[in-house]
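The next block holds one structure in the form of structure tokens; read it before the comments.
What you see is a predicted model, and the numbers here were worked out from it, not measured in a lab. In what follows, every chain begins at residue 1, and chains take the letters A, B, ... in the order their sequences are listed.
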2 protein chains.
Amino acid sequence: MEFATFTKRIADAFPDLSPQLQVAARHVLDRPDDVALMSMRALAASAGIHPSTMVRLAKAFGCDSYKKFRTPFQERLRVLPKGYLARARSLQERGTEGEETLTQEVLSANLANLRDTFSINSFEKFEASAQAISNARRVYVVGMRGVFPVAYFFHYTYSMFRDNAVLLDSRGGAFSDDLRHFGKDDVIFAISFAPYTFETVRAVEFACEHGGTAIAMTDSPVSPLAKNAEHVLIVKNESPSFYHSVAAAVTATEELIALMMVEGGQQALKSIEESEQQLEGFQAYWRQNPKKKNKPRKRKS
Amino acid sequence: MEFATFTKRIADAFPDLSPQLQVAARHVLDRPDDVALMSMRALAASAGIHPSTMVRLAKAFGCDSYKKFRTPFQERLRVLPKGYLARARSLQERGTEGEETLTQEVLSANLANLRDTFSINSFEKFEASAQAISNARRVYVVGMRGVFPVAYFFHYTYSMFRDNAVLLDSRGGAFSDDLRHFGKDDVIFAISFAPYTFETVRAVEFACEHGGTAIAMTDSPVSPLAKNAEHVLIVKNESPSFYHSVAAAVTATEELIALMMVEGGQQALKSIEESEQQLEGFQAYWRQNPKKKNKPRKRKS
DNA sequence: ACAATTTTGAAACGAATGATTCCTTTTGCA
DNA sequence: TGCAAAAGGAATCATTCGTTTCAAAATTGT
């Protein structure tokens, strides 16, 4: 919360800064990780500026020392907020240690999954996958069992601005019926982690046999999905518990959607607006005082 | 990847360390964030040990300097892996800047959501919610539209070791039918973000009117869900795009599941084993060479 | 074009950092 | 009990840190 407002303040004041301070500010905004982890002098050097300039930047934003300037950058990186551990310790003495560390493990496993996923898959990979989906005549989405949430999320969000997606969910056992019309201009977006659901693997094979393009979101380059897929996104799903974590997969999906949105431009925005208005029309959303004629509750950004 | 193996090595060697080195090692393992962000002397002081001991710990694990010892702890915290930005810059010169920064924004928004969510909700809150669900006679799960993936994920995972969950999905418009048998020993687990889906709000109200307990996962303490709920988990869902990010909600759900698992103990484990065997029996999973009589593909940890 | 002002870079300072050395204390073993 | 070895602590070192000071350079207004 602190970091976001602070950097925003810097970004807003940017045009009014002196040339050298602008160089410093740009570097700071571009590489917040480095601000937190490197020494001031090293940071200045990597920005190609004099150390004094960094101090001046800090003071220009009301920090009486560089240390205070750096604090929000450091806090942003902490996996566990300050003071969390103090409580953890006291709990431990009460014998609840196991569950407390479990909490930390769930959190850091997921943070690591996110970072790793975006580290393994270059921006170009995301972009290429997004392109392929955007150009498809029809988009078939398949993800079963544990990863069905990912497939559903993709389909739901995608359908806010495009109307050519089909979610395969094998309800009523009619799984293969949905794929009957699959053609060579179509794309299948398949999600599966080990152990791979049979139907998902089969669906990808089917799609490829019929000349279509497959985009796979899976956990390994040697996954049976990857074999046939044109584009492969590797997603980490480590978890301290028995299930596979799907948060990273959801986030990678968000990334795909965001890219397609940007690409879709004005047209996509308009479609979303229409979708929302339609939902309002159906009274899908709760209103503060349904009895009175109130304005609809403002949508959160 | 580096960090995990390194800390594991420390943890494994722990029993063989001298008393003071154990104090140091414990502190390092307990507070990896501090190792990355604080100076060696400050870290030693907060651990109550002599600075020399820290240096000795580093050398005990093959690092010729403390700096090298600290590196994996620092890299772990980076939002963007090293070198990512270098590519970003070159892309920017090719005019793709907008989308590249979007990628970074998606990632860091989600990382922040995760951290904030676990920061806002204390461990006790998670624990209390998990307890309430565990003690319920029946668990009704409701989450519509964008957050249906969360509800589905909860229901799917929970059902691996308990059989008393009902997923409300209003398929066929029979939404309220499912709640007809809701009683005072039952629990409703409801997920909704602004703008709040009407049916979800209504379901919580209904449950409370019938003497049940509501656990809400929502975006604000003043959300209409929070009003009636016994336990409220606040989840961040900031996103650079038009949708609400659900990764943090999924992760918070994972945390609930993990806690209930631990609590469930041996019985829960046995149930999961049975569930998996059943799936194997249905041949739900793909096998490397279905024709030959191979061993089933080993499940990933 | 010149003076006033701001911006910038170089040099130098004290403080803090990580590392080393040396010596005391503790431990293990005969 | 005595002794050798290991462990821990204190003092000290060179280095690097953030910071300050001051003069040069650049910008601005007149």
Side-chain angles (χ1 to χ4, degrees), chain A residues 6 9-29 31-77, chain B residues 3 6 9-77:
Chain A
F6 192 56
R9 211 151 64 81
I10 298 175
D12 289 345
F14 186 83
D16 302 328
L17 296 174
S18 77
Q20 286 296 102
L21 285 186
Q22 285 195 355
V23 175
R26 170 171 288 276
H27 225 253
V28 160
L29 293 177
R31 312 168 65 152
D33 294 357
D34 285 352
V35 178
L37 296 172
M38 297 170 66
S39 80
M40 186 226 83
R41 289 183 102 103
L43 186 71
S46 84
I49 57 165
H50 200 272
S52 318
T53 312
M54 265 321 179
V55 177
R56 285 170 185 141
L57 183 73
K59 299 206 166 161
F61 289 94
C63 304
D64 52 328
S65 78
Y66 179 78
K67 190 170 149 283
K68 292 202 176 153
F69 178 84
R70 182 170 52 184
T71 303
F73 292 82
Q74 293 191 323
E75 290 311 307
R76 178 185 82 112
L77 292 190
Chain B
F3 169 81
F6 192 56
R9 210 150 65 83
I10 298 176
D12 289 344
F14 185 83
D16 302 327
L17 296 174
S18 77
Q20 286 295 102
L21 285 185
Q22 286 196 356
V23 176
R26 169 170 288 276
H27 230 252
V28 160
L29 294 178
D30 275 358
R31 311 167 67 151
D33 294 356
D34 285 351
V35 178
L37 296 172
M38 297 170 66
S39 81
M40 184 228 86
R41 290 180 100 103
L43 186 71
S46 83
I49 58 165
H50 199 275
S52 316
T53 312
M54 267 317 179
V55 178
R56 284 171 184 143
L57 183 73
K59 300 205 165 160
F61 288 95
C63 305
D64 52 328
S65 78
Y66 179 77
K67 191 169 149 285
K68 292 202 176 152
F69 178 84
R70 183 170 51 186
T71 303
F73 292 82
Q74 294 190 323
E75 291 310 308
R76 179 187 79 114
L77 292 190

Once you apply a heavy-atom cut-off of 4.0 Å, does [X] come out as touching a base, just sugar-phosphate, or nothing?
X     : answer
B:K59 : sugar-phosphate
B:S39 : sugar-phosphate
A:P19 : sugar-phosphate

Without decimals, in angstroms, what is the distance between [X] [atom1] and [N] [atom2]?
X     : N      : atom1 : atom2 : value
A:M40 : D:dT20 : CE    : P     : 12 Å
A:R56 : C:dG9  : CZ    : C1'   : 8 Å
B:L37 : C:dT17 : CG    : C1'   : 16 Å
B:D16 : C:dT27 : CG    : P     : 18 Å
A:M38 : D:dC17 : CE    : P     : 9 Å
B:I49 : D:dG8  : CD1   : P     : 10 Å
A:Q20 : C:dA10 : CD    : C1'   : 14 Å
A:L57 : D:dG18 : CG    : P     : 14 Å

Taking the side chain of [X] as its heavy atoms from C-beta onward, which of [options] lies nearest to it?
X     : options                : result
B:V55 : D:dT19, C:dA19, D:dC22 : C:dA19
A:R41 : C:dG9, D:dG18, C:dG18  : D:dG18
A:H50 : C:dA10, C:dC22, C:dG18 : C:dA10
A:Y66 : D:dC22, C:dG18, D:dG18 : D:dG18

For [N], does OP1 or OP2 lie under 4.0 Å from any side-chain N or O of [X]?
X     : N      : value
A:K67 : C:dA16 : no
A:T53 : C:dT8  : no
B:S18 : D:dA7  : no
B:S65 : C:dA19 : yes

> Is there a side-chain contact (heavy atoms from CB on, under 4.5 Å) between B:L77 and B:L37 once you walk through the steps?
Replying inline: CA-CA 9 Å; B:L77 292 190; B:L37 296 172; 4.2 Å; yes
>> Ignoring hydrogens, what is the shortest heavy-atom contact between B:P51 and B:A44? Give both atom names and the distance.
In response: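 Closest approach of B:P51 to B:A44: CA-CB, 3.9 Å.
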>> Determine whether the aromatic ring centres of residues B:F73 and B:F3 are separated by less than 6.0 angstrom.
In response: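 Judged by ring-centre distance (under 6.0 Å), B:F3 and B:F73 do meet the cut-off.
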> With a 4.5 Å limit on heavy-atom distance, are the side chains of A:R56 and A:L21 in contact?
Replying inline: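 A:R56 vs A:L21: side chains touch.
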>> Could you walk me through whether B:F61 and B:V28 satisfy the side-chain contact (heavy atoms from CB on, under 4.5 Å) test, starting with their C-alpha distance in whole Å, then the side-chain angles of each, then the deciding distance to 0.1 Å, before giving a yes or no?
In response: CA-CA 13 Å; B:F61 288 95; B:V28 160; over 6 Å; no
> Is a donor-acceptor contact shorter than 3.5 angstrom present between the side chain of B:R70 and the base of C:dG18?
Replying inline: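 Looking at the base of C:dG18, it does not pair with any donor or acceptor on the side chain of B:R70 (distance under 3.5 Å).
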